[in-house]
Student: 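Sharing a structure with you now.
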Amino acid sequence: MKLSKVYEPSQYESDIYCMWEESGAFIAHPHSDKPKFSVSMPPPNETGTLSIGHALFLTLQDIMVRHARQKGKDALWLPGTDHAALPVNAIIEKQLSEEGTDKHDIGREEFLKRTKKFVGNSREVMAKQMRAMGASCDWSRFRYTLDDSLNRAVNEVFVRMYQDGLIYRGNRIVNWDPNLQTTISDDEIVYREETAKFYTLQYGPFKIGTARPETKFGDKYVVMHPDDKRYADYKHGDTFKAEWINGPITATVVKDKAVDPEFGTGVMTITPWHDHTDFEIAERHNLDKQQIIDFDGKLTDVAGEFAGMEIVEARPKIIEKLDKKGLLVSVDNDYVHNIALNDRGKGVIEPQIKLQWFVDVNKPAVDWKGQKCSLKEVMQSTVREGDIKIVPKHFEKMYFHWIDNLRDWCISRQIWWGHQIPVWYKKHETYVGVKPPEGKGWKRDEDTLDTWFSSALWTWSTLIDPKLAKNDSLGLNQLLEQSKDFQAYHPTTVMETGWDIIFFWVARMILSTTYATGQVPFKTVYLHGMVRAEDGKKMSKSRPESIIDPLHVIPKYGTDALRLALVMGVSPGNDQNWGTAKAETNRNFCNKLWNIARYIESQTDKLQPDAEPKPQTPADHWVLSKLDKAIKQIDESIENFNFSGAYFDLYHLIWDDVADWYIEAAKHNPDPAMLSYVLSTMLKLAHPFAPFVSETIWQTLKPDSNSMLIGEPWPNHVKYNAETAVEFEQIKSIVAEVRQIKTLLELKGGELRFKESKIIFDNAEIIKRLSRLDAVSSVGGGRGLMLTQTSEQSWLDIDKKMAVKLSDTLKDREKQLQKSINHLNDRLGNPSYAEKAPQSLVDETRAQLAKAEEEQLKVKNLLARL
RNA sequence: GGGUGAUUAGCUCAGUUGGCUAGAGCAUCUCGUUUACACCGAGGGGGUCGGGGGUUCGAGUCCCUCAUCACCCACCA
């Protein structure tokens with residue numbers, strides 16, 4: 001097969017992927033004695049299609065996994081998807097409402113059926129997209145967060161936590177979304193700044209401020225800071241009568257430090273049912289709590305004549321009434337405050353008191369390294385003690401800060417899509433178990449668990465053998481002990497994910513996994529940044545043009561170009577902007593590699609990757625030295641998660657060293673064996689980054705019919721003669737200087753003369769070719785323009801008249817050299833430099849000085865003769 | 001209010017424990033269609049590394065401080 005002139009990715013990509021997949025190259029082998037390398041793919045939500053952000057994580061993980069395989073490891077990359085309870089639920093409910101019905105009409109069973117159909121479609125699309133990205137994950141181990149075996153794990157953990165007293169049910173204030181009719185966790189809240197009216201109301205002898213008069217009906221406590229001198233006359237527990245919205249009330253004075261004396265009048269009334277801070281104050285002082293707003297967002301009977309009204313409708317009317325009663329003191333129209341919204345669906349959050357399930361993060365009930373710790377303490381310990389490394393490191397601070405402020409985790413959700421809570425009730429009895437209780441009359445808890453409760457188990461629940469999970473006689477520990485994948489691949493090697501879900505997911509995996517398995521979920525967390533639109537702004541659905549769909553990029557530029565663009569110039573944790581210019585650059589790079597292969601194909605029709613290279617010329621030794629260095633550097637960079645650094649080295653190795661120098665030099669007298677070696681090494685190095693083009697080339701030139709690049713080992717170090725390699729550096733600098741002079745003088749052809757130079761003599765043809773000279777010839781004595789940047793004696797045959805044109809350039813060069821010489825002299829003249837700097841550096845500086853002085857002398861002589 | 005990150009060429013960004021005259025890609029200018037590649041080659045221009053201090057023989061890199069931008073956390077009635 002012949003390589004076509006231009007690389008057209010779409011012609012090859014899907015065939016190549018099929019070939020890999022069918023060959024079993026992606027499949028992990030827990031029984032093999034190779035060292036293990038395992039990565040759990042963060043399961044994308046089954047809500048539609050993959051974004052460019054998914055393309056980024058697929059690329060980075062694929063690079064690590066392919067590299068690990070090449071390094072002789074048994075690599076498991078376990079793919080999967082997430083049921084994404086809240087977003088999916090929201091989508092289905094929206095569909096239902098568009099059809100003029102709702103979930104209660106159709107019932108739980110029908111609702112779940114419908115949902116399953118939706119996510120099923122979505123899963124197929126997403127798996128196709130992952131394949132299109134070249135993701136070399138083990139499809140035979142594909143998992144879904146609602147799989148039976150994962151459900152088993154969820155129930156086991158819930159039950160055990162309940163038995164350990166880590167899970168409890170209680171009336172607590174929760175974030176209630178009246179739109180979606182469910183609670184959400186603190187982390188799912190987003191805030192939006194809004195300008196609203198701020199009312200000051202007369203409340204007995206006090207003036208109180210509020211932006212929410214509709215919550216004030218039941219207010220019968222007035223709170224102030226205990227040290228506030230303005231209110232020293234009022235004692236904690238004092239009562240007074242006051243006229244209020246719906247008639248006279250009796251109010252009680254409460255002193256609490258939660259009140260900020262600087263804000264407003266320093267006095268406030270509280271609504272414990274609908275505010276976190278007020279709830280805490282009420283708990284501290286054992287105060288009454290009363291519901292003012294119901295779960296649909298309407299006012300309750302407490303509101304009297306306003307009962308049943310929506311908040312927006314009631315607010316102005318309440319103010320009107322207060323005003324008539326003379327209780328409205330003032331209105332500030334420019335009050336700026338934040339309102340809480342549900343991140344999913346953007347419904348306004350109304351805090352409510354509800355009976356919910358919580359995970360206690362402070363109770364010391366976890367055995368960790370021989371001590372009883374709280375979940376919080378274990379989470380802190382794993383990172384502090386280095387059991388888990390976070391890359392980049394600065395996210396550790398964010399992580400610790402989050403844990404410090406962590407409250408008990410509300411895990412129950414009032415939606416139907418998800419893992420139903422394994423709790424049953426009968427009158428006053430409660431049963432908690434993996435299996436339903438015996439006997440009649442039990443009713444299961446209607447709620448489901450927070451999606452993150454099941455995602456938190458992902459690194460290991462996916463490794464439980466699904467067959468074993470069906471066996472109810474086994475406990476969780478036995479399931480783990482007998483699951484071969486768990487034994488082989490847990491803890492996983494790396495968790496690669498976005499920093500935006502460090503709290504949602506990463507922290508919770510650490511929490512649940514340490515508790516349930518006694519192991520950390522992963523040894524290293526690598527956090528990548530977000531892919532943003534070209535203008536640096538977030539891609540968002542409100543600006544559809546800002547969203548980049550990987551499936552639109554791939555046909556135009558190729559998957560490899562997309563992958564390389566996502567890796568190029570990106571550092572851990574930093575966001576990147578997506579621009580098509582990057583895709584173009586990297587498409588060109590793929591084409592470069594392709595064309596190198598085309599040239600080499602013209603010299604040899606088969607690669608011999610295992611043949612020891614036999615370098616002859618300085619160019620051979622030099623290119624081997626470059627390859628050797630690149631093998632080491634790229635390897636190290638990938639292992640240190642420096643993906644852009646690895647690609648930088650690869651890019652310049654292939655484009656600069658091999659294409660621009662080695663191949664051009666080799667054309668003089670091509671050595672098929674050397675070219676074959678150089679190409680196969682480059683393909684191996686390129687493979688993790690650009691798997692498709694590298695494999696396509698390999699398949700064309702492969703040594704035998706079964707060979708696949710994906711199964712080739714990472715290249716070994718190569719032997720070369722360093723001194724011979726350096727000779728080529730001399731050749732390069734001669735060529736560079738000749739090219740420079742020729743361009744400046746607009747010279748065509750020309751002759752280079754040399755005296756007593758073995759290097760030039762041996763490589764005359766190469767120098768002639770690369771510098772596009774007419775001749776390179778040996779002479780007895782110098783004539784023409786002397787080259788200054790090489791120690792070889794050589795002259796470009798130019799008459800004096802032409803050389804004069806160079807005088808300005810030479811003068812500049814002379815000045816530059818003088819500056820450099822002064823600089824180096826200063827440095828060496830400083831006694832503490834010689835004393836304190838390492839010897840090798842001092843030697844290097846001396847050598848530089850000598851070189852600069854030699855060149856300066858030559859330049860001066862030249863100038864003198866012009 | 002608390003915290004983190006960023007600030008390097010016209011643009012987008014690398015720069016690993018401090019150590020050659022600070023780099024890349026794109027853009028720009030000059031020349032060039034020589035059979036691997038115009039998705040190309042050769043050469044050039046362009047930066048007092050956000051400002052100011054400090055530590056050091058030596059600072060883009062470490063410390064302090066200020067400024068601007070981005071983000072995270074908390075959230076005040």
Side-chain angles (χ1 to χ4, degrees), chain A residues 3 5-7 186-187 191 198 208-212 215-216 223 258-260 262-271 275-278 337-338 340 392 394-395 397-398 401-402 404-405 499-500 502-503 529-530 534 536 557 561 568-571 573-579 581-582 584-603 636-637 640 642 644-645 648 651-652 659-660 663-664 667 735-736 739-744 746 748 769-772 816-817 819-820 823-824 826-827 830-838 840-841 844-845 847-848 852:
Chain A
L3 297 170
K5 189 171 175 183
V6 172
Y7 172 57
D186 294 344
D187 302 284
Y191 292 93
F198 188 77
I208 56 156
T210 184
R212 302 203 57 189
T215 63
K216 298 284 148 199
V223 192
V259 178
D260 177 4
E262 306 289 317
F263 186 85
T265 55
V267 184
M268 66 178 192
T269 58
I270 56 167
T271 314
D275 185 279
H276 285 92
T277 314
D278 294 0
H337 72 319
N338 288 324
H394 69 252
F395 280 107
K397 271 193 186 168
M398 211 166 123
H401 183 252
W402 179 79
D404 290 342
N405 294 311
W499 57 258
D500 50 325
I502 184 167
F503 306 139
M530 292 169 52
E534 197 156 11
Y557 299 101
M568 185 178 234
V570 162
S571 51
N574 282 350
D575 293 348
Q576 61 171 309
N577 301 345
W578 171 265
K582 267 179 153 184
E584 236 168 80
T585 300
N586 292 293
R587 177 207 49 195
N588 296 353
F589 173 74
C590 294
N591 194 52
K592 192 73 185 177
L593 184 56
W594 183 260
N595 273 292
I596 292 171
R598 279 186 69 216
Y599 172 73
I600 294 175
E601 187 188 30
S602 72
Q603 303 301 320
E636 276 179 12
S637 291
N640 293 320
N642 179 7
S644 72
F648 183 90
Y651 184 97
H652 293 288
D660 290 345
I663 292 199
E664 291 308 319
K667 277 177 182 171
V735 169
R739 282 171 174 173
Q740 213 173 356
I741 295 168
K742 283 182 63 178
T743 306
L744 271 169
E746 295 173 340
K748 299 218 172 187
R769 187 185 178 94
L770 294 184
S771 324
R772 284 195 226 158
Q816 210 180 14
L817 285 165
K819 211 173 133 192
S820 172
H823 187 72
L824 293 167
D826 284 353
R827 194 183 298 173
N830 184 336
S832 33
Y833 175 71
E835 214 173 288
K836 290 180 186 169
S840 61
L841 197 69
E844 206 179 312
T845 310
Q848 277 163 15

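Worth knowing before you read on, the calculation uses all heavy atoms, side chains too, and leaves out hydrogens, waters and symmetry mates. Just so it is clear, the structure is predicted and the values come from calculations on it, not from any experiment. Convention: sequence-line order gives letters A, B, ...; per-chain numbering from 1.
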Student: So what stems show up for RNA chain B if we need 3 or more Watson-Crick or G-U pairs in a row, all under 3.5 Å?
Tutor: B:1-7 with B:67-73, B:10-13 with B:23-26, B:28-32 with B:40-44, B:50-54 with B:62-66
Student: For atom P, what is the distance between B:A6 and B:A22, given to the nearest Å?
Tutor: 23 Å
Student: Could you pull out all residues at least two apart from A:Tyr557 that satisfy ring-ring contact (aromatic ring centres under 6.0 Å, His included)?
Tutor: none
Student: B:A36, B:A14, B:A74: which one has an atom nearest the side-chain heavy atoms of A:Asn338?
Tutor: B:A74
Student: What is the minimum heavy-atom distance between A:Ile208 and A:Val267, and which atoms define it?
Tutor: CG2-O, 3.9 Å
Student: Which heavy atom of A:Ser644 sits nearest a heavy atom of A:Val570, and at what distance?
Tutor: OG-O, 2.9 Å
Student: Would you say a side-chain N or O of A:Lys667 is under 4.0 Å from OP1 or OP2 of B:A36?
Tutor: yes
Student: Tell me whether the rings of A:Phe263 and A:Phe198 are parallel (<30°), tilted (30 to 60°) or perpendicular (>60°).
Tutor: perpendicular
Student: With respect to the side chain of A:Arg739, which nucleotide from B:A14, B:G43, B:A24 is positioned closest?
Tutor: B:G43
Student: Using the ring-ring contact (aromatic ring centres under 6.0 Å, His included) criterion, which residues pair with A:His823? Sequence neighbours excluded.
Tutor: none
Student: To the nearest Å, how far apart are A:Leu593 CG and B:C39 P?
Tutor: 18 Å
Student: Just checking A:Val267: base, sugar-phosphate only, or nothing, at a heavy-atom cut-off of under 4.0 Å?
Tutor: nothing
Student: Heavy atoms, side chains only, cut-off 4.5 Å: are A:Leu841 and A:Tyr833 in contact?
Tutor: yes
Student: For atom P, what is the distance between B:G19 and B:U61, given to the nearest Å?
Tutor: 11 Å
Student: Report yes if a side-chain nitrogen or oxygen of A:Tyr191 is closer than 4.0 Å to either non-bridging phosphate oxygen (OP1 or OP2) of B:C75; otherwise report no.
Tutor: yes
Student: Closer to the 5' end of RNA chain B via nearest nucleotide, is it A:Ala597 or A:Asp187?
Tutor: A:Ala597
Student: I need the CG-P distance between A:Asp260 and B:C76, as an integer number of Å.
Tutor: 12 Å
Student: When rounded to the nearest Å, what value does the distance between C1' atoms of B:C63 and B:G18 take?
Tutor: 13 Å
Student: Under 4.0 Å between a side-chain N/O of A:Lys397 and OP1 or OP2 of B:U4, yes or no?
Tutor: yes
Student: Taking 4.0 Å as the cut-off, does a side-chain nitrogen or oxygen of A:Asn588 come that near to OP1 or OP2 on B:C37?
Tutor: no
Student: I'd like to know if the side chain of A:Asn640 reaches the main chain of A:Asn642, judged simply by a donor and an acceptor atom lying under 3.5 Å from each other, with no hydrogens or angles considered.
Tutor: no
Student: In chain order, what residues pass the side chain to side chain donor-acceptor pair (under 3.5 Å) check against A:Asn830, with sequence neighbours excluded?
Tutor: A:Ser832
Student: Report yes or no: is there a donor-acceptor pair, N or O only, under 3.5 Å between the side chain of A:Gln603 and the base of B:A36?
Tutor: no
Student: Rounded to whole angstrom, note down the C1' distance from B:G23 over to B:C37.
Tutor: 25 Å
Student: Looking at A:Gln576, does any N or O in its side chain come under 4.0 Å of the phosphate oxygens OP1/OP2 on B:C13?
Tutor: no
Student: Looking for any heavy atom pair under 4.0 Å, which part of the strands does A:Ala211 touch: base, sugar-phosphate only, or nothing?
Tutor: sugar-phosphate
Student: I need the minimum non-hydrogen distance between A:Val259 and A:Gly266, along with the two atoms involved.
Tutor: CG1-O, 3.4 Å
Student: In whole Å, I'd like the distance from the CZ atom of A:Phe503 to the P atom of B:U4.
Tutor: 13 Å
Student: Is A:Asn574 close enough to B:G5 that one of its side-chain N or O atoms is under 4.0 Å from OP1 or OP2 there?
Tutor: no
Student: Tell me: CZ of A:Phe648 to P of B:A24, nearest whole Å?
Tutor: 7 Å
Student: Is there a side-chain polar atom (N or O) of A:Ser571 under 4.0 Å from OP1 or OP2 of B:A14?
Tutor: yes
Student: side-chain hydrogen bond (donor to acceptor under 3.5 Å, both in side chains), that's the test. Do A:Thr269 and A:Lys216 meet it? Break it down for me.
Tutor: CA-CA 8 Å; A:Thr269 58; A:Lys216 298 284 148 199; 3.1 Å; yes
Student: Let me spell it out: for each of A:Asn577 and A:Ala581, pick the nucleotide of RNA chain B with the closest heavy atom. Which residue's pick is nearer the 5' end?
Tutor: A:Asn577
Student: I'd like to check the ring-ring contact (aromatic ring centres under 6.0 Å, His included) partners of A:His394; sequence neighbours left out, ordered by chain and number.
Tutor: none
Student: For A:Trp578 and B:G25, give me the distance from atom CH2 to atom P, rounded to whole Å.
Tutor: 18 Å
Student: To the nearest angstrom, how far is A:His394 atom NE2 from B:C62 atom P?
Tutor: 14 Å
Student: Taking the P atom of each, how far is B:U48 from B:A27, in whole Å?
Tutor: 24 Å
Student: Taking CD from A:Gln740 and C1' from B:C31, how many angstroms apart are they, rounded to a whole number?
Tutor: 14 Å
Student: Distances for protein N/O vs nucleotides 19-21 of chain B N/O pairs under 3.5 angstrom?
Tutor:
residue, atom, partner, partner atom, Å
B:C20, O2, A:Gln848, NE2, 2.8
B:U21, OP2, A:Arg827, NH2, 3.3

Student: Please measure how far the P atom in B:G50 lies from the corresponding atom in B:G15, and state the result in whole Å.
Tutor: 14 Å
Student: Distance check, P atoms only: B:A67 and B:A59, in whole angstrom units.
Tutor: 26 Å
Student: Would you kindly give the NE2-to-P distance between A:His401 and B:G1, to the nearest whole Å?
Tutor: 15 Å
Student: So what does A:Asp275 touch, heavy atoms closer than 4.0 Å: a base, only the sugar-phosphate, or nothing?
Tutor: sugar-phosphate
Student: Does the distance from a Lys or Arg side-chain N to an Asp or Glu carboxylate O, for A:Lys667 and A:Glu664, drop under 4.0 Å?
Tutor: yes
Student: Is there a donor on the side chain of A:Asn591 or the base of B:C37 sitting less than 3.5 Å from an acceptor on the other?
Tutor: no
Student: Looking at B:C72, B:C39, B:A36, which one has an atom nearest to any side-chain atom of A:Glu664?
Tutor: B:A36
Student: What distance, rounded to whole Å, do you find between the two P atoms, one in B:G51 and one in B:U7?
Tutor: 12 Å
